[in-house]
Novice: 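Structure incoming, see below.
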Amino acid sequence: MSRYQAAEIEPKWQKAWDEAKVFRAERAEDKPKYYVLEMFPYPSGRIHIGHVRNYTMGDVIARYKIATGHNVLHPMGFDAFGMPAENAAMANGGHPKDWTYSNIDTMVEQMKPLGFGLDWSRMFATCDPEYYGQQQALFLDFLEKGLVYRKNAVVNWDPVDMTVLANEQVEDGRGWRSGALVERRELTQWFFKISDFSDELLSALDTLDNWPAKVKTMQANWIGKSRGLQFSFSLVDAPHGHDRVEVYTTRPDTLMGASFVGISPDHPLAKELERDNPDVAAFCEKARQGGTTEEAIEKAEKMGFDTGLKVRHPFDTAWELPVYIANFILMDYGTGAIFGCPAHDERDHEFATKYGLDIIPTFEPVEGEYPDGAFVPAKTEKVRYIKSFAGEEIQTGNEAVDAAVDFCEQNGVGQGVTKFRLRDWGLSRQRYWGCPIPVVHCETCGVVPEKKENLPIQLPYDEGDKPIDFSIPGNPLDRHPTWRDCDCPSCGAPAKRETDTMDTFVDSSWYFARFTAPRADTPTNMADAEYWMNVDQYIGGIEHAILHLLYARFFARAMNICGHLPETAKEPFDALFTQGMVTHAIFQTKDGNGRPVYHYPEDVELRDGKGFLKDGTEVEIIPSAKMSKSKNNVVDPVQIIQQYGADTARWFVLSDSPPERDVEWTAAGAEAASKHLARVYRLAAELDDAPANAEADQQLLREMHKAIHDVTGGVESFGFNASIAKLYGFTNTIAKSRAGAEAKREALKTLAQLMSPMTPHLAEEIWQTLGGEGLIAQAPWPVADEAMLVEDTVTMPIQINGKRRGEIEVPKDMDKAEVEKLALANDAVQRTLDGAQPKKVIVVPGRIVNVVM
RNA sequence: GCCCGCGUGGUGGAAUGGUAGACACAGGGGACUUAAAAUCCCUAGGCUUAUGCCGUGCCGGUUCGAGUCCGGCCGCGGGUACCA
């Protein structure tokens, strides 16, 4: 008798699939196509258990769809540009390119033994010049269509290292390396005009029926459509050229509660005042301290500076309001100026309390007490207006806003405007390891697009004659001796290349389209795009719910405009599944400067819920955190694969936890998965030659069809854990069945088929042992016989006042009155009723009886 | 701060508004074995020994019936536009 030896089985079948080209995707008109895609990985160095979970889910879908007669595209690539490669070069020397490609080699080597049904011939990395050259071509097409432009925007500036920092590199308002207080500084940057599509990106969410509602909600809130009033305050004794301050408000109904006007430190008026008032300059400098994130700005202490200037209230020119410069108002939002209504806004309330400004309620609750602090009811709630100028006395916020806008428009005070929270997408990065922005700066011609025939504009590997030194802060492209030098594509005069590279979100915004024709010498090939798009099932982490998915939706539209994608691919992902993350505790200590040091799980010993290093130092345990290379809490699945095999790893990551839920990784359990697979293997290997047994055979057949039905349902609905629970059950049924050999052979072959998307190698082996024809990977999926699923009788629980007190076995389609009669005759019911009449009897056919008394 | 989720035995989790704890893991008991491994069988929410009570983060509500729906808390996670 042979034993289950994954190490022998798995390479054998991988070779067989390869030779039969089972997963090679070719256009074919005789079958429906199916494009399944998992979000491609960043080549961090090694795969982690989260990757295994993600790609196994995609593989289950891919293999299932092949079995159900689809022509499947299931590609893989790498999201290969980004900061970690530069950080590695900074920390350990070497070159980002070498680091990245070496990581990709390692990860491919680690992924191949998992037996994923991928078309590896389509693989690419976004740092391949063939890919990013086409991305540069897309950029030029977007530029031509007016979808790209330049403007100023704020970045995190480290004044000691004299460099731009990513948000991640700002810790508590200080630069991660220098420790210097970070400032917000303006820089001229490139932007994609995603705001042109705000309304469409919002309304089209309604068409995405197979996206999770939570993702659509998050995107809708992010886009943030609001109706409000834009109007201007006139300044008293205005400085030259600043006689009006333009503001936008979503609460014009609270205009009578206005008590101040706030402007951003970057507002033109603030800048004007800053020029000859040192106090203003000092305040603005302080207000610009700290990072650029919304979180940092929202959480920072609210600070204001009274400019001494006054504006006139639009309804009453005698009513003057003070003008403050405030650190929480951003130039990027709205007009960079607001009016404050402290009675009905938490932030304004805090500000007014701090600076002793008026707090004037304009409405109150219809019933009950006026609350302490700001009164901010939902806009759908009715309130009583006590300082009203438009609409009913009692109305909802929404009604009041509409009435206020109408009133203001009729009286020449501004106009109703629809605005979006969504800002244009700044794509410039002052970094080396990204896709160069293909434009040239010419003294006479200005900003000139590079010619397409000069693409790709490749990153230089060396700095002239010596290796690039990544230990120096700043962008190596900026200080490169020769790379910047070029001729102006327009006039031919000596000119300078743009040294900014693209945000890595650009790379991942169109890779799904590139996979349809990965070697084309244009960004896409229309025939291939038309055949393969859309992605039928996209699978990825919930952390990408907003940015990546929104940017990809924008890119699909922009590519359509430029003729790179068909109209039908404007929403590129037909169905989306967001799998949960695999989380793991972070083990942390502090260094001499109080900065965190992260330790690998294998270096930490756990005792009584506390963690210790080998030298006895206790570590702080931060539970359930997203796995991140920089936090050293990544679990490496390679050991599991080596010890138990790919099928065990695949089975294990799919069992137990529902796919959409986060799962805290623990090492226990792989052993159990392996035991189960060995048991299945044994059942097939030890199949005896027992004679047929009519009753047991029939019973096993029924169970088999139930298993087909349930497992298929699980796979169709991303309930892989439910499918696996059914497969455990079916395996137990077969093991205990007294059916004859032929019935068991059929059951085991079906079991192998149902398991084949999850444990494909073991399934092939069993299929072969039991005499299955060809490869199980190419065998048609079993179909459940509906007639076999029907049960004649059903067990109905009986509740008395909602509590279960007994049960009855009744024919499946017995009518309600009969069921009621039987239920009332039940011992437990008789006992409890004790001769009394029930008030009511509820019979839910096939489910439950509830006796109310 | 704001937006979006999640919270069920010792553990992972199951449950179209209808028997809470399926299926597993760890545990306990047993069989086989000289012994161990492997395998197989039984057991298993808590209180307690009943035809009982309690129990799905906490408090309240809707309902004949709530883990599921609604409101308010608490805790944890994701995102917050330069991490990917």
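Below, chains carry the letters A, B, ... as their sequence lines are ordered, and counting in each starts from 1. Because only heavy atoms are used, hydrogens play no part in the values below, and waters and symmetry mates are left out as well, while side chains stay in.
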Novice: State whether A/R661 places a side-chain N or O below 4.0 Å from either non-bridging phosphate oxygen (OP1 or OP2) of B/G7.
Specialist: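 Yes, such a contact exists.
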Novice: Within this structure, what is the CG-to-P distance between A/D424 and B/A81, rounded to whole angstrom?
Specialist: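 One finds 16 Å between P of B/A81 and CG of A/D424, rounded.
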Novice: What nucleic acid atoms does A/H548 come within less than 4.0 Å of, heavy atoms only: base, sugar-phosphate, or nothing?
Specialist: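 No contact.
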Novice: For the pair made of CG in A/L550 and C1' in B/G79, what is the distance, rounded to whole Å?
Specialist: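 Going from A/L550 (CG) to B/G79 (C1'), I get 13 Å.
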Novice: Considering only side-chain heavy atoms of A/R847, which listed nucleotide, B/A81, B/A20, B/G18, is closest?
Specialist: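 Taking heavy atoms from C-beta onward, the closest nucleotide is B/G18.
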Novice: Collect all protein-nucleotide pairs involving nucleotides 40-50 of chain B in which both atoms are nitrogen or oxygen and the distance is under 3.5 Å.
Specialist:
unit_1 : atom_1 : unit_2 : atom_2 : d
B/C40  : OP1    : A/R679 : NE     : 2.8

Novice: Within this structure, what is the CD-to-P distance between A/E543 and B/A84, rounded to whole angstrom?
Specialist: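 Going from A/E543 (CD) to B/A84 (P), I get 13 Å.
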Novice: Rounding to an integer number of Å, can you tell me how far A/L547 CG sits from B/G79 P?
Specialist: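 Whole-Å distance recorded here is 10 Å.
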Novice: Closest approach to the side chain of A/R423, judged atom by atom: which nucleotide of B/C4, B/U80, B/A81 is it?
Specialist: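 My answer, after comparing the listed nucleotides, is B/A81.
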Novice: Using a heavy-atom cut-off of under 4.0 Å over every strand shown, decide if A/K803 touches base, sugar-phosphate, or nothing.
Specialist: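 A/K803: backbone/sugar contact only, no base atoms under 4.0 Å.
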Novice: Using modelled atom types and a 3.5 Å cut-off, is there a donor and acceptor pairing between side-chain atoms of A/S264 and backbone atoms of A/I329?
Specialist: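 Checked: pair present.
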Novice: Rounded to whole Å, how long is the line connecting atom CG of A/D507 with atom P of B/C83?
Specialist: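 Atom-to-atom, A/D507 to B/C83, this comes out as 14 Å.
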Novice: Ignoring hydrogens and geometry beyond distance, is a side-chain donor-acceptor pair present between A/Q643 and A/E671 at under 3.5 Å?
Specialist: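 Their side chains do not contain a donor-acceptor pair, so the 3.5 Å distance test is not met.
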Novice: Do the two ring centres, one from A/Y131 and one from A/Y511, sit under 6.0 Å apart?
Specialist: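 Ring centres of A/Y511 and A/Y131 not closer than 6.0 Å.
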Novice: Tell me: CZ of A/R804 to C1' of B/G52, nearest whole Å?
Specialist: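 That distance rounds to 15 Å.
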Novice: For a quick check of understanding: with a heavy-atom distance under 4.0 Å over all strands, which category does A/G729 fall into, base, sugar-phosphate or nothing?
Specialist: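 Counting heavy atoms under 4.0 Å across all strands, no contact is made by A/G729.
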Novice: Please work out which of the three classes, parallel, tilted or perpendicular, describes the rings of A/F555 and A/F192, given edges at 30° and 60°.
Specialist: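 A/F192 and A/F555: perpendicular rings.
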Novice: Please state whether the rings of A/Y55 and A/H51 are parallel, tilted or perpendicular, taking 30° and 60° as the class boundaries.
Specialist: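 The rings of A/Y55 and A/H51 lie parallel, inter-plane angle below 30°.
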Novice: How does each nucleotide of nucleotides 59-64 of chain B score, in 5' to 3' order, for protein heavy atoms under 4.0 Å: base (B), sugar-phosphate only (S), or none (-)?
Specialist: -----B
Novice: Any salt bridge between A/E820 and A/K816, counting N to O under 4.0 Å?
Specialist: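 Judged by the 4.0 Å cut-off on N to carboxylate O distance, A/E820 and A/K816 do not form a salt bridge.
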Novice: Decide yes or no on side chain to side chain contact (heavy atoms under 4.5 Å, CB included) for A/R251 and A/K379, but give the supporting numbers first.
Specialist: CA-CA 10 Å; A/R251 291 310 299 255; A/K379 276 189 188 172; 3.4 Å; yes
Novice: Does a donor on one side chain and an acceptor on the other come within less than 3.5 Å for A/T163 and A/D158?
Specialist: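 On atom types as modelled, these side chains do not qualify, holding no pair under 3.5 Å.
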Novice: Does one side chain, of A/D503 or A/Y551, offer a donor that lies under 3.5 Å from an acceptor on the other?
Specialist: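 Distance-only check fails for A/D503 and A/Y551.
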Novice: At less than 4.0 Å, is any side-chain N or O atom of A/N221 found next to OP1 or OP2 of B/C2? Yes or no.
Specialist: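 So the side-chain polar atoms of A/N221 never come under 4.0 Å of the phosphate oxygens OP1 or OP2 of B/C2.
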Novice: Starting at the 5' end of RNA chain B, what dot-bracket string do you get if Watson-Crick and G-U pairs under 3.5 Å are bracketed, crossing pairs use [ ], other-strand pairs use | and unpaired bases use dots?
Specialist: (((((((..(((.....[....))).(((((.......))))).(((....)))..(((((..]....))))))))))))....
Novice: In whole angstrom, what separates A/H349's NE2 from B/G1's C1'?
Specialist: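 The answer, rounded to whole Å, is 17 Å.
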Novice: With a cut-off of less than 4.0 Å, is there a side-chain N or O of A/S657 near OP1 or OP2 of B/G12?
Specialist: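 Answer no for this pair, as no side-chain N or O of A/S657 is under 4.0 Å from OP1 or OP2.
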Novice: Would A/Q219 and A/W211 count as having a side-chain donor-acceptor pair, cut-off 3.5 Å?
Specialist: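 Their side chains do not contain a donor-acceptor pair, so the 3.5 Å distance test is not met.
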Novice: Starting at CZ of A/R421 and ending at C1' of B/C4, how long is that distance when rounded to a whole Å?
Specialist: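 Whole-Å distance recorded here is 12 Å.
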Novice: So, is A/N721 close to the B/G12 phosphate, meaning a side-chain N or O under 4.0 Å from OP1 or OP2?
Specialist: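 No.
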